[in-house]
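Below, each value reflects all heavy atoms present in this structure, side chains not excepted, and no hydrogens, waters or symmetry copies. Both counts, for ligands and for their atoms, begin at 1 and track the order of listing.
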Amino acid sequence: MSVLIKNGRIITAVDDYYADVYIEGEKIALIGRDLKVGADTVIDATDRLVIPGGIDPHTHLDMPFGGTVSADDFESGTRAAAFGGTTTIIDFAIQTKGRSTIEGLDAWHAKAEGKATIDYAFHMIITDMPDERLPEMNKLADEGITSYKLFMAYPGVLYADDATLYRTFRRAGDNGTRICMHAENGIVIDEIIKEAIRDGKVSPRWHAHTRPTRMEAEGVHRAISIAEVAGVPLYIVHLSCADALEQVKLGRMRGIDVQAETCPQYLFLDIDHYDAPGFEGAKYVMTPPLREKWNQGVLWSGLKFGHLSAVATDHCPFCMKDQKELGRHDFTKIPNGAPGVENRMSLIYHGGVVEGRFSLNRFVELTSTAAAKTFGLFPKKGTIAVGSDADIVVFDPNRKETISVNNEFTHHMKVDFSTYEGIEIQGWSETVLSRGRVVVDKGRMPKTGGGQFIRRARVGEPLR
Ligand code: URP
Ligand code: ZN
Ligand code: ZN
């Protein structure tokens, strides 16, 4: 099969030019002006941007959490991602305490296999790691699982103590792999939560008040310090606020290899969303919580000037009905997480490029290339170049949509609300190719399936 994308404006993290792209099978075979080649499929990209498929390095599909399971599985979640212009996700496999990580990985392979429409990879969530099981981490790296997430939050559930952090950080560093950190001091936060519940403060707003920004900043500081001593590259996930970003900047100024991602929810929404009428504030119960609005400007500047490296979604959808509902009388029982995998590209294009905060190149870097480079997918993914996978979005930079659970062009996620309901965006993923297959054709999906597991390279190594 061959595809020719004609007359588009090609944008990568560094390039900006007009050319045709010729795809043979799964790979980009030729790039040039007015290519004189025949193709099975010809896509006219006049007045469109031709960009690398988005890479979302933080999703939770089919994940048991908070007494329920996230509402999108690998079938619906990857479909929705494709509609939104994302062609690779890195999801999180979970190791159950006391059990092997390999068993956890096998379970996640079983959840995903044969269901995905786009390509996927896994980080491994490590909840405990006694010395005798450390060799598992070598095996994981050989299997293409070259990053691990550990949690300072959620004591008794996913929480890992500092000894576990140090032990896993050391081994990850020795193996040429990377640590992802959920940085919030969950031990102190749990004490604050107990005080709130004792005082009858049980509505969704208290989710935010019991998780102060200082406790996120403390987590970031501690993670950086441990990573520095252990000698491992660090990636802070879902960074939500200025206090935490300051710690990242300080670490980087000291020369520590620390990067951080933020998410659209922290750029577009704020703490006042918890005051939505009735129980509606539960939609925004995610961790870390939404912050005071002034943090948004600091985060946008962080993206612009490079202190923040990437935008992920932390897509972790729970329906209002039957799921968020579990915490109607006690915010601690509201499953933590919100949907967004479908909306990231449009939101970041709109907030970043349309609103004049950064360039088209930076948009591509933040939504695709940076994650590819950080997580061992580059140059197979994350760019438009001869030899790279033909993961390409033909992006309409002028199309306007209002994001809504009821808008067939912005909502395919299997969840009964939209985190970004009513937000108007300019910029829309019109046609999407995953390894040369047209998975979205002008807003319609001809066929589902075809996504593959991707074994990632170690830090600094290319992936072919
Ligand atoms: O609220 C969130 N973020 N849920 C998913 C789990 C996590 O901490 O990433
Ligand atoms: Zn987390
Ligand atoms: Zn997450």
Practice task
Give the ring-plane orientation class for F92 versus H60, where under 30° counts as parallel, over 60° as perpendicular and anything between as tilted.
Solution key: parallel
Handout entry: Minimum-distance atom from the Zn ion (ligand 3) among N, O or S atoms of H58
Key = NE2
Problem - Residue K139 excluded, over 12 heavy atoms near NZ under 6.0 Å - result: no
Exercise for the section: Ignoring hydrogens and angles, tell me if any N or O in the side chain of S388 forms a donor-acceptor pair with the backbone of P379 under 3.5 Å. Expected result: yes
Practice task
Assign the ring pair F409 / W428 to parallel, tilted or perpendicular, where the plane angle (0 to 90°) is split at 30° and 60°.
Solution key: perpendicular
Are there any N/O pairs under 3.5 Å between ligand 1 and the protein, and if so, what are their distances?
residue, atom, partner, partner atom, Å
ligand 1, 1 (O), T287, N, 2.8
ligand 1, 1 (O), N336, O, 3.4
ligand 1, 1 (O), G337, N, 3.3
ligand 1, 3 (N), T287, O, 2.8
ligand 1, 3 (N), D314, OD2, 2.6
ligand 1, 4 (N), N336, O, 3.1
ligand 1, 8 (O), Y154, OH, 2.8
ligand 1, 8 (O), H182, ND1, 3.0
ligand 1, 9 (O), H60, NE2, 3.1
ligand 1, 9 (O), K149, NZ, 3.0
ligand 1, 9 (O), D314, OD1, 3.3

Practice task
Give the ring-plane orientation class for H238 versus H58, where under 30° counts as parallel, over 60° as perpendicular and anything between as tilted.
Solution key: tilted
Fill in the blank from the handout: So the protein N/O/S atoms within less than 2.8 Å of the Zn ion (ligand 2) come down to K149 NZ, H182 ND1, H238 NE2
Practice task
Please check if atom NE2 in H412 has more than 12 non-hydrogen atoms from other residues, nucleotides or ligands closer than 6.0 Å.
Solution key: yes
Practice task
Answer yes or no: are there more than 12 heavy-atom neighbours, outside R254 itself, under 6.0 Å from its atom CZ?
Solution key: yes
Problem - Residue pair N343 / S346, side-chain donor-acceptor N/O under 3.5 Å - result: no
Practice task
Kindly assign one of parallel, tilted or perpendicular to the pair F358 and W300, based on the angle between their ring planes and the thresholds 30° and 60°.
Solution key: tilted
Practice task
For S70 and M63, indicate whether the former's side chain and the latter's backbone hold a donor-acceptor pair under 3.5 Å.
Solution key: yes
Practice task
Verify the distance test for H60 against the Zn ion (ligand 3): any N/O/S atom under 2.8 Å, yes or no.
Solution key: yes
